[in-house]
Amino acid sequence: MAENRASVYGEGVPCWVDAQLPDVEAGKRFYGELFGWTFEDWFGSFAQALKDGEPVAALVRKVDGRLPSVWTVYFATPDAPALARRIRDAGGQIVSAPVPAGELGVTALVTDPEGAVFALWQPEEHPGFGKRHEPGTFAWAELYARDTEAANAFYGDLFREALFGEGADPDFGRAPVSDVFPAQMPPHFLVHFAVEDVPAALEDVRRLGGRVQAPPFETSYGEVAVVTDDQGASFALLRR
C-alpha cells in the first residue's frame, strides 16, 4: 500500500529526495533504466519520479553550473520556519529560508554545524514518498561527519522523537567521513536506494555511464556500495 499520507512522516523522518542535475533528460534515462522509474512534469523545472505509479523522488535542472550535481534528503516537519530557527540556534545555517513550493508544501535548505546540507519539507498537497524501503526506492540516508559526537548531539536534540521516541525506526544514521571517503571530503548526507542485488546493480551503473566510488561493504544496516551517476551525482545502493 502506498505510504503517501502526511501522518506517516513525523518531524525528523526522511520524507523526500531530489537530485540537482545539469541535464534532467539524461537523468531520466539513467535512473529510469537503473531503478525502473517513470517520470511526469512537476512543479517548476522538476520532474517527479514514479515507481509503480507512486512518487519516489524528483530530478531538477541546476540553475547554476557552479553548484554540484547532488542528491538531497528532505526531513519532514509540521513547521519549517520554526525548525529552521532551531537549526540556526543550534549552530547550523539557513542556506535558503523557508519558501512555499506552490501548493505542494514549504521547503528550506539548511546545514548542520559541520556544513552537511539537508532540506526541510512541511507538507501540504505533497506529503512525500509514496513508496520507500522497496527496490528502486529510498531506503536510508547516512550522514558522513567529521565529529560524530557533535553530530549525535545536534541531530539527537533536533529530531529526538524520530530517533529515540517510542516505536522509532530511524531511516538515517551517521559515520565518520574517513570510514568510506577521503578524510578531506566535506561532511555530507548520502542517499541510499534499495536494490535486490548490489553487484548486479553496479554492473547496470557502469553500463549506463556511472562509476563506482566504493565497492560493496557491510554496514550495520546492510550491504552498501557508493556510486555516481553519469553526471557526477553520488548515491548509494543498499541491500538489507
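Sequence positions, counted from 1, serve as the residue numbers for this chain. Nothing here was measured: the structure is a model prediction, and the numbers come from that model.
- With contacts defined as side-chain heavy-atom distances shorter than 4.5 Å, the pair Arg211/Val205 does not qualify.
- With a 4.5 Å cut-off on side-chain heavy atoms, Tyr221 and Leu238 count as touching.
- To the nearest 0.5 Å, atom CG of residue Asp52 and atom CD of residue Glu54 are 8.5 Å apart.
- Side chain of Thr107 to main chain of Leu120: a donor-acceptor pair is present (N/O by atom type, distance under 3.5 Å, no hydrogens or angles).
- Within the 4.5 Å cutoff, side-chain heavy atoms of Val180 are placed close to those of Phe217.
- Taking all atoms of both residues into account, the shortest heavy-atom contact from Leu83 to Thr77 is CD2-CB, 3.7 Å.
- With hydrogens and angles disregarded, no donor-acceptor distance shorter than 3.5 Å links the side chain of Gln20 to the backbone of Pro68.
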Go through the steps for Leu50 and Glu40 under the test side-chain contact (heavy atoms from CB on, under 4.5 Å), then give the verdict. CA-CA 8 Å; Leu50 308 174; Glu40 61 183 13; 3.9 Å; yes

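- With 3.5 Å as the limit, one finds a donor-acceptor pair spanning the side chains of Tyr31 and Asp229.
- Looking only at distances, a side-chain donor or acceptor of Arg146 sits under 3.5 Å from a matching main-chain atom of Gln184.
- Ion pair Asp230/Arg29 not flagged as a salt bridge, since none of the NZ, NE, NH1 or NH2 atoms sits closer than 4.0 Å to an Asp/Glu carboxylate oxygen.
- Side chains of Ser234 and Gln213: a donor on one and an acceptor on the other come within 3.5 Å.
- Of the options Trp37, Phe138, Trp140, a ring-ring contact (aromatic ring centres under 6.0 Å, His included) to Phe193 is made by Trp37 and by none of the others.
- Clustering ILVMFWY residues whenever any of their side-chain heavy atoms sit less than 4.5 angstrom apart, transitively, puts Val70 in a cluster other than the one holding Val110.
- Shortest non-hydrogen contact noted between Phe181 and Leu190 is CZ-CD2, 4.2 Å.
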Stepwise, does the side-chain contact (heavy atoms from CB on, under 4.5 Å) test hold for Val73 with Trp16? CA-CA 6 Å; Val73 60; Trp16 193 243; over 6 Å; no

Determine whether Val56 and Gln48 satisfy the following criterion, side-chain contact (heavy atoms from CB on, under 4.5 Å), listing intermediate values before the conclusion. CA-CA 8 Å; Val56 295; Gln48 181 167 242; over 6 Å; no

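- Atom CG of Asp41 has 12 or fewer neighbouring heavy atoms from other residues, nucleotides or ligands inside a 6.0 Å radius.
- By the neighbour-count criterion of 12 heavy atoms within 6.0 Å, atom CD of Glu103 is sparsely surrounded, having that number or fewer from other residues, nucleotides or ligands.
- Under the salt bridge (Lys or Arg N to Asp or Glu O under 4.0 Å) criterion, Arg174 pairs with no residue, sequence neighbours left out.
- The shortest side-chain heavy-atom distance between Arg132 and Val13 falls under the 4.5 Å cut-off.
- His188 places none of its side-chain heavy atoms less than 4.5 Å from the side chain of Val117.
- Within the 4.5 Å cutoff, side-chain heavy atoms of Leu202 are placed close to those of Leu237.
- Annotation for Ala162 and Pro170: closest pair O-CG, 3.8 Å, computed over non-hydrogen atoms.
- Evaluated for a ring-ring contact (aromatic ring centres under 6.0 Å, His included) with Phe189, the options Tyr144, Phe75, Trp71 yield exactly one hit, Phe75.
- Neither Val106 nor Leu109 shares a network with the other; the hydrophobic side chains, linked directly or stepwise wherever heavy atoms of I, L, V, M, F, W or Y lie under 4.5 Å apart, form separate groups for each.
- Cluster membership for Leu158 and Phe164, using ILVMFWY side-chain heavy atoms within less than 4.5 angstrom, is shared.
- The shortest non-hydrogen separation linking Val24 to Ala47 is CG1-CB, 4.0 Å.
- The minimum heavy-atom distance linking Pro182 with Val177 is given by the pair O-CG1, 3.5 Å.
- For the pair Leu59/Asp18, no side-chain contact is recorded, criterion being any heavy-atom separation below 4.5 Å from C-beta on.
- Here the shortest heavy-atom pairing between Cys15 and Tyr9 reads CB-CG, 3.9 Å.
- Panel note: side chain Trp121, backbone His126; a donor-acceptor pair is recorded below 3.5 Å.
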Between Arg61 and Asp23, is a salt bridge (charged side-chain N to carboxylate O under 4.0 Å, His left out) present by the stated rule, with each step listed? CA-CA 6 Å; Arg61 183 177 62 83; Asp23 187 337; over 6 Å; no

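- Here the CG-CD distance, from Asp179 to Glu142, works out to 9.0 Å after rounding to the nearest 0.5 Å.
- Residues Leu104 and Phe46 are members of one and the same hydrophobic cluster, defined by side-chain heavy-atom contacts under 4.5 angstrom among Ile, Leu, Val, Met, Phe, Trp and Tyr.
- Proximity of a side-chain donor or acceptor of Lys131 to a complementary backbone N or O of Lys51 within less than 3.5 Å is not detected.
- Under the 4.5 Å side-chain heavy-atom criterion for Ile, Leu, Val, Met, Phe, Trp and Tyr, Leu208 and Phe39 are members of the same hydrophobic cluster.
- Of the inter-residue distances, the one linking Gln93 atom CD with Thr111 atom OG1 reads 4.5 Å to the nearest 0.5 angstrom.
- Judged by distance alone, with hydrogens and angles left aside, the side-chain atoms of Gln122 form a donor-acceptor pair with the main-chain N or O of Ala80 at under 3.5 Å.
- Ring orientation note: the planes of Tyr155 and Phe172 are nearly perpendicular, at an angle over 60° on the 30°/60° scale.
- Using a 4.0 Å cut-off between charged side-chain N and carboxylate O, Glu33 and Arg207 make a salt bridge.
- Heavy-atom contacts from other residues, nucleotides or ligands closer than 6.0 Å to CD of Glu196 number 12 or fewer.
- When side chains are defined from C-beta on, Leu143 counts as touching Asp112, because their heavy atoms get closer than 4.5 Å.
- Atom CG of Asp157 and atom CG of Asp89 lie 11.0 Å apart (nearest 0.5 Å).
- We find that Arg86 and Glu11 are joined by a salt bridge, their nearest charged nitrogen and carboxylate oxygen being less than 4.0 Å apart.
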